[in-house]
Amino acid sequence: MFTPTKASKRQIKVHSDAATRFGDKGTSVFDGADNPHTDAYALKTADGGALILFSHTHTQTDAVAHSGLQINPGKNDRAWLHDVPRTSITYTFVCNDAATVPATAQPSRLIGYTCARTNASGPPLPSWTARA
């Protein structure tokens, strides 16, 4: 758990905004995922604390709320999904994080992060499956 920082509040806001962006037409659910990048790096700071660099992986599954709706892949997803409409899409993200750990018993602080989509998958609409 991190003490609140500008970076941690931004990270929470990004996920909160994504989770509600479809309104009553769909949902977005976040979940942890297996992280292939388990190395972590640390530098001891002058005050005896540490700067930690690490990665984490998570998924975001977007789904339509009811039949008759579809999700059309955007240009950044076409490498995985082509132009085939879906009823749900699961995106995988790998994020690189930087945190400070104080020398005394206090909560750590997330000071920065960046995330990139590394995969997307989901079942095509039944009408597209019948065309194959």
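- Hydrophobic clustering keeps L110 apart from V94 (ILVMFWY residues linked when any side-chain heavy atoms are closer than 4.5 Å, directly or through intermediates).
- R21 has no carboxylate O lying under 4.0 Å from a charged side-chain N of D17, or vice versa, which leaves the two without a salt bridge.
- Atom NZ in K44 sits 14.0 Å away from atom CG in L51 (nearest 0.5 Å).
- Donor-acceptor pairing under 3.5 Å is lacking for the side chains of H58 and D31.
- Taking hydrophobic clusters as Ile, Leu, Val, Met, Phe, Trp and Tyr residues chained together by side-chain heavy-atom distances below 4.5 Å, W80 shares a cluster with I71.
- We find the CZ-NE2 distance between F93 and H56 to be 10.0 Å, quoted to the nearest 0.5 Å.
- By the 4.5 Å heavy-atom criterion applied to side chains, F2 and R109 are not counted as neighbours.
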Are N35 and T57 close enough, and set up right, to give a side chain to side chain donor-acceptor pair (under 3.5 Å), and what steps lead you there?
CA-CA 5 Å; N35 186 1; T57 303; 3.1 Å; yes
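- Side chains of D77 and Y91 form a contact here, defined as non-hydrogen atoms less than 4.5 Å apart.
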Please evaluate residues D97 and C95 with respect to the criterion side chain to side chain contact (heavy atoms under 4.5 Å, CB included), reporting the C-alpha separation (whole Å), side-chain torsions for both, the decisive distance (0.1 Å), and the verdict.
CA-CA 6 Å; D97 305 277; C95 303; 4.2 Å; yes
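- The cluster map of Ile, Leu, Val, Met, Phe, Trp and Tyr, joined by side-chain heavy atoms under 4.5 Å apart, puts L81 and L69 in the same cluster.
- The pair D62-R86 fails the salt-bridge criterion, with no side-chain N (NZ, NE, NH1 or NH2) lying under 4.0 Å from an Asp/Glu carboxylate O.
- Note that CG of N72 and CG of D83 are 8.5 Å apart. Values are rounded to the nearest 0.5 Å.
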